Amino acid sequence: MLAGHLALSAAALFTGAAVYINIAEQPARLLLDDRALLREWKPSYKRGLAMQAPLAVAGSVLGVIAWWQSKEWSWLAGAFLLLANWPYTLLGVMPTNNRLMAMDPDAADLDIRGLMMKWGGLHAVRSALGALATVFFLWAASV
């Protein structure tokens with residue numbers, strides 16, 4: 001089933017990128033001073049969004065197609081989990097993103113580090129949603 005394999009690939013790519021951010025990029029950027037930390041995060045976030053958002057949508061659509069073709073509930077569960085990143089990001093993560101984006105790195109204050117640490121925790125939920133979606137897709141592909 002091509003749609004299912006492509007859904008699994010999109011979910012795995014999404015998850016790999018999200019987990020990389022949490023275990024490599026975020027800890028490394030937290031070693032920087034506050035100004036450099038914010039300067040690094042802003043373009044990094046924009047690039048990550050441009051990559052991860054389409055992967056979440058594509059994986060979800062393909063998961064729904066795989067469910068429709070097979071009627072295996074795991075495809076639909078994985079699609080829902082992967083797509084859940086969109087409302088979670090809009091409602092849970094965007095207020096922090098917006099505050100960070102509005103900050104001027106040259107006028108950095110003590111709030112940057114705290115917000116960046118909060119952002120890392122919020123982003124970890126995105127990693128978990130992607131990982132769960134991948135597990136459901138793997139399960140569905142093995143049935």
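Small disclaimer: the values here were computed from a predicted structure and weren't measured. As a basis for the values below, the full set of heavy atoms in this structure was taken, side chains included, without hydrogen atoms, waters or symmetry mates.
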For the [atom1] atom on [X], are there more than 12 heavy atoms of other groups (residues, nucleotides or ligands in this structure) within a distance under 6.0 Å?
X     : atom1 : result
Tyr88 : OH    : yes
Lys42 : NZ    : yes
Met51 : CE    : yes

Count I, L, V, M, F, W, Y as connected when their side-chain heavy atoms are under 4.5 Å apart, and connections chain through other members. Are [X] and [Y] then in the same cluster?
X     : Y      : result
Leu32 : Trp119 : yes
Leu38 : Leu122 : yes
Leu83 : Leu76  : no
Leu90 : Met101 : yes
Leu49 : Leu13  : no

**Report entry** Steps toward side chain to side chain contact (heavy atoms under 4.5 Å, CB included) verdict (Trp86, Val57)
**Finding:** CA-CA 8 Å; Trp86 274 75; Val57 171; 3.3 Å; yes
Working to the nearest 0.5 angstrom, can you tell me the gap between [X] [atom1] and [Y] [atom2]?
X      : Y      : atom1 : atom2 : answer
Glu72  : Met1   : CD    : CE    : 9.0 Å
Arg99  : Leu115 : CZ    : CG    : 4.5 Å
Asn97  : Thr89  : CG    : OG1   : 8.0 Å
Ile112 : Trp41  : CD1   : CH2   : 10.5 Å
Leu8   : Ser142 : CG    : OG    : 10.5 Å

**Report entry** side chain to side chain contact (heavy atoms under 4.5 Å, CB included) assessment of Ile21 paired with Arg126
**Finding:** CA-CA 10 Å; Ile21 290 166; Arg126 293 170 43 86; over 6 Å; no
How close do [X] and [Y] get, heavy atom to heavy atom, and via which atoms?
X      : Y      : answer
Ala7   : Gly63  : CB-N, 3.6 Å
Ala79  : Ser60  : O-OG, 3.1 Å
Ser127 : Val19  : OG-N, 3.5 Å
Gly78  : Ala133 : O-CB, 3.3 Å
His5   : Trp75  : N-CH2, 4.5 Å

Query raised in the report: Side chains of His123 and Val93: closer than 4.5 Å at any heavy-atom pair?
Result: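 The answer is no, as the side chains (C-beta and beyond) never meet within the 4.5 Å cut-off.
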Any sub-3.5 Å donor-acceptor pair from [X]'s side-chain atoms to [Y]'s backbone N or O?
X      : Y      : value
Ser74  : Phe137 : no
Arg113 : Leu37  : no
Asn85  : Leu82  : yes

Query - Aromatic Trp73 / basic Lys71 pairing, under 6.0 angstrom, 45° off normal - result: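 No, Lys71 does not sit over the ring of Trp73.
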Query raised in the report: Does the pair Gln26 and Met116 meet the rule for a side chain to side chain contact (heavy atoms under 4.5 Å, CB included), with working shown?
Result: CA-CA 9 Å; Gln26 181 71 357; Met116 285 303 304; 3.8 Å; yes
